[in-house]
**Q** 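Here it is, the structure, as structure tokens.
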Number of protein chains: 2
Amino acid sequence: MNQPSLNPADLDHLLRQTHLFSSLDDAQLAQVRGGLRVLQLDEGQRLFDAGQNAERFFLVASGRIKLYRVSADGNEKVVELIGPGQTFAEAVMFMQRHDYPVSAAALAASQVVSFDGRGFYALLSDSPRLCLTMLGEMSMRLHARINEIDHLTLQNATFRVVHYLCDTLEENGGNQGTIDLTTPKNIIASRVSIKPETFSRILRNLADAGIVTIEGKRIVVHDCQALRAFGR
Amino acid sequence: MNQPSLNPADLDHLLRQTHLFSSLDDAQLAQVRGGLRVLQLDEGQRLFDAGQNAERFFLVASGRIKLYRVSADGNEKVVELIGPGQTFAEAVMFMQRHDYPVSAAALAASQVVSFDGRGFYALLSDSPRLCLTMLGEMSMRLHARINEIDHLTLQNATFRVVHYLCDTLEENGGNQGTIDLTTPKNIIASRVSIKPETFSRILRNLADAGIVTIEGKRIVVHDCQALRAFGR
DNA sequence: GCCGCGTCTTGATGCAGGTTAAGGAGCCCG
DNA sequence: CGGGCTCCTTAACCTGCATCAAGACGCGGC
């Protein structure tokens, strides 16, 4: 629960390596620093709810955040998983209706830095370079969403699982072939839009086909080629 | 096929009422005009394919364009329908991989204006106001995509049809209660991610429930309230 | 150790929407 | 008018994934 509060040096390092802030000069960075707050979140703690008025955006320092939607009948869809070094909810600043389109909650104890949207908007309005960085960031997000829609409508559940495994494989330090599921399986299932039962079954199919080995929260991928090929 | 080529006055009018260009001064608008081309597309004609190198973005003057993806096994998903006055593929300019994420084709004979991406990028890089307009535009798109993911994962087919009907109802001149389907039903079906047969069935359900009347390509909505309520 | 609880797996059954197949309704063109 | 399009509808059947229902496997607390 009580992590040591982010020290100034670490915070500085975090800000400087955040892509969104990469084009800022010292004065601008100082202004960003002026409006920030550091939050400690317990496991399960909610950060904001969909529909809530959005004045701030966020950067994860440690832990893990889920962005999700809940339907009228209580079903939950995890839209995105956010890890250390990643920002979220920046795009909200530009929306006509000024509120969060998703909810956010901590999957584990987390440290999150929040920034003042208004202040950052001011910064944007006289720094074209910053704007272009932001535009780049947003077009990446947009593209990712189009891909997700593609996967939901043109591909099946197995494909989505395989895709998720390959993705986390290459972002978790190269092609070691081993994936440590930091995230609970039911959350991953929701992320790829299937039920936990189905996720379990699909993993077993992959194991039965000799493509992976499941050891609890550790998945060993034997044949990355075959894995990609397995989804359709 | 041979529509009269867009005359200069109409073109001027079109550019001036396009939201994306709303903040431009005369000099900037002149620069935009310098890099544009007017295209005449026949029904069914493709404008670009997914994966193709993207140097231009577009504005529809007349007609109707579909943006879509095709899966390995030949299935097609219409991601968006673009009508007169709307722009598309602007976001592509900012992507690292510089190519279209979707394909585009004309659903009917159309006139489309295309713009030079590089030139516009230059304009952006010294006009923060233009950047902010662009950011607003993109965050709207992003939000729309999140909603679509929500609808695909948390709502059912009937909901999506109802939602589509309500949307087109209010964008086609107020709540008259009558929708003229300018777009073929199989395209609409793909847009809401169902098969034509299912679309047909759902419309009949709505008709059987007395909520709408179907007269070929014309749908009369009797009770907009009940229509909204019918999706779950 | 043993209990209690949350996560994960496995099997049996159900159902929304896809698939297949067979007309019907326009509509263009001879 | 009639034949051949393409688009749409209807009906019978099928299937991928959800749902429901039991366990099994941790793992922390005492």
Side-chain angles (χ1 to χ4, degrees), chain A residues 1 43-44 64 66 71 73-78 107-109 151-162 164 179-208 212-219 230-232, chain B residues 1 42-44 64 66 71 73-78 105 107-109 151-162 164 179-208 212-219 230-232:
Chain A
M1 228 113 296
E43 179 178 336
R64 195 153 214 89
K66 66 170 177 182
S71 69
D73 52 335
N75 262 88
E76 177 177 312
K77 156 68 181 166
V78 173
L107 287 173
H151 296 167
L152 287 169
T153 54
L154 297 172
Q155 320 295 151
N156 61 17
T158 301
F159 177 96
R160 294 200 297 278
V161 170
V162 164
Y164 180 87
I179 302 171
D180 264 308
L181 298 183
T182 60
T183 315
K185 291 187 179 176
N186 55 357
I187 299 294
I188 297 175
S190 172
R191 175 68 252 273
V192 301
S193 301
I194 57 179
K195 297 284 145 178
E197 293 92 324
T198 306
F199 187 54
S200 190
R201 276 187 268 259
I202 288 173
L203 284 183
R204 200 153 76 79
N205 290 345
L206 293 174
D208 287 353
V212 304
T213 307
I214 315 289
E215 302 160 355
K217 288 189 125 17
R218 168 162 292 159
I219 297 176
F230 202 80
R232 274 288 159 123
Chain B
M1 225 114 297
D42 294 340
E43 179 178 336
R64 195 154 214 89
K66 67 170 177 181
S71 69
D73 52 334
N75 263 90
E76 178 177 313
K77 156 68 181 166
V78 172
L107 287 173
H151 297 168
L152 287 169
T153 55
L154 297 173
Q155 320 296 152
N156 62 16
T158 300
F159 177 96
R160 293 200 298 278
V161 170
V162 164
Y164 180 87
I179 302 170
D180 263 309
L181 298 185
T182 61
T183 315
K185 291 187 180 175
N186 57 355
I187 300 293
I188 296 175
S190 173
R191 173 67 253 270
V192 301
S193 301
I194 57 179
K195 297 285 146 177
E197 293 92 328
T198 306
F199 187 54
S200 191
R201 275 188 276 256
I202 289 173
L203 284 183
R204 200 152 76 80
N205 290 346
L206 293 174
D208 288 352
V212 303
T213 307
I214 315 288
E215 303 160 356
K217 288 189 124 17
R218 168 161 292 159
I219 297 176
F230 202 80
R232 274 287 158 123

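Chain naming here is simple, since letters A, B, ... match the order of the sequence lines and numbering starts at 1 in each. Computed from a prediction, not measured in an experiment: that's the story for all the values here.
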**Q** Please output the side-chain donor-acceptor pairs of residues 192-204 of chain B that fall under 3.5 Å, not counting sequence neighbours, one pair per line with the distance.
**A**
{"unit_1": "B/S193", "atom_1": "OG", "unit_2": "B/K77", "atom_2": "NZ", "d": "2.8"}

**Q** Between atom CG in A/D208 and atom P in C/dT10, what is the gap in whole Å?
**A**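 Rounding to the nearest Å, CG of A/D208 and P of C/dT10 are 9 Å apart.
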
**Q** Grab the CD1-P distance between A/I194 and D/dA18 for me, whole Å please.
**A**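 That distance rounds to 7 Å.
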
**Q** Could you pull out the closest heavy-atom pair between B/L206 and B/V162, with the gap in Å?
**A**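 Answer, listing the atom of B/L206 first, then B/V162: CD2-CG2, 4.3 Å.
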
**Q** List, with names and distances, any nitrogen or oxygen atoms from the protein found under 3.5 Å away from nitrogen or oxygen atoms belonging to nucleotides 6-9 of chain C.
**A**
{"unit_1": "C/dC8", "atom_1": "OP1", "unit_2": "A/K185", "atom_2": "N", "d": "2.9"}
{"unit_1": "C/dC8", "atom_1": "OP1", "unit_2": "A/K217", "atom_2": "NZ", "d": "3.4"}
{"unit_1": "C/dC8", "atom_1": "OP2", "unit_2": "A/N186", "atom_2": "N", "d": "3.3"}
{"unit_1": "C/dT9", "atom_1": "OP1", "unit_2": "A/K185", "atom_2": "NZ", "d": "2.9"}
{"unit_1": "C/dT9", "atom_1": "OP2", "unit_2": "A/S200", "atom_2": "OG", "d": "3.1"}
{"unit_1": "C/dT9", "atom_1": "O5'", "unit_2": "A/S200", "atom_2": "OG", "d": "3.0"}

**Q** Which heavy atom in A/L181 sits nearest to a heavy atom in A/I219, and how many Å separate them?
**A**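 Closest approach of A/L181 to A/I219, heavy atoms only: CD1-CD1, 3.9 Å.
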
**Q** At what angle, to 10 degrees, do the two end axes of the helix from C/dG1-D/dC30 to C/dG30-D/dC1 meet, given five pairs define each axis?
**A**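 Rounded value for the end-axis angle: 30°.
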
**Q** So, taking the atom named CZ in B/R160 and the one named CG in B/L152, what distance separates them when rounded to the nearest 0.5 Å?
**A**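 If we round to the nearest 0.5 Å, B/R160:CZ and B/L152:CG are 5.0 Å apart.
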
**Q** B/I188 CD1 to D/dC7 P: how many Å, rounded?
**A**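 Value for this atom pair: 13 Å.
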
**Q** Quick one: A/N205 CG to D/dC17 P, roughly how many Å, whole number?
**A**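 That distance rounds to 11 Å.
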
**Q** In whole Å, what is the span from the NZ atom of B/K195 to the C1' atom of D/dT10?
**A**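 Nearest whole value for this atom pair: 18 Å.
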
**Q** Minimum heavy-atom separation for A/P184 and A/K217, please, with both atom names.
**A**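 Shortest heavy-atom separation between A/P184 and A/K217 comes out as CA-NZ, 4.3 Å.
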
**Q** What distance do B/F159 atom CZ and B/L154 atom CG have between them, rounded to the nearest 0.5 Å?
**A**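 If we round to the nearest 0.5 Å, B/F159:CZ and B/L154:CG are 9.5 Å apart.
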
**Q** Nearest whole angstrom, please: distance from the P of D/dG26 to the CG of A/L181.
**A**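 Those two atoms, CG and P, are 15 Å apart.
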
**Q** Could you check how far CG of B/N156 sits from P of D/dA18, rounded to whole Å?
**A**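 Taking atom P of D/dA18 as the reference, CG of B/N156 is at 14 Å.
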
**Q** Less than 3.5 Å between a donor and an acceptor, one on the side chain of A/R201 and one on the base of C/dG11, is that the case here?
**A**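 Between C/dG11 and A/R201, which were checked side chain against base, a qualifying N/O pair under 3.5 Å is present.
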
**Q** What is the distance, to the nearest angstrom, from the CG atom on B/L152 to the C1' atom on D/dA18?
**A**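 Going from CG in B/L152 over to C1' in D/dA18 covers 17 Å.
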
**Q** Are a donor atom and an acceptor atom from the side chains of A/S71 and A/D73 found within less than 3.5 Å of each other?
**A**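 Yes, side-chain donor-acceptor contact under 3.5 Å.
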
**Q** Taking all non-hydrogen atoms of both residues into account, name the closest pair between A/E76 and A/K66 and its distance.
**A**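 Of all heavy-atom pairs spanning A/E76 and A/K66, the closest is OE2-NZ, 2.7 Å.
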
**Q** Could you tell me whether A/R64 and A/E43 have a side-chain N and a carboxylate O separated by less than 4.0 Å?
**A**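 Not counted as a salt bridge, because no side-chain N and carboxylate O are separated by less than 4.0 Å.
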
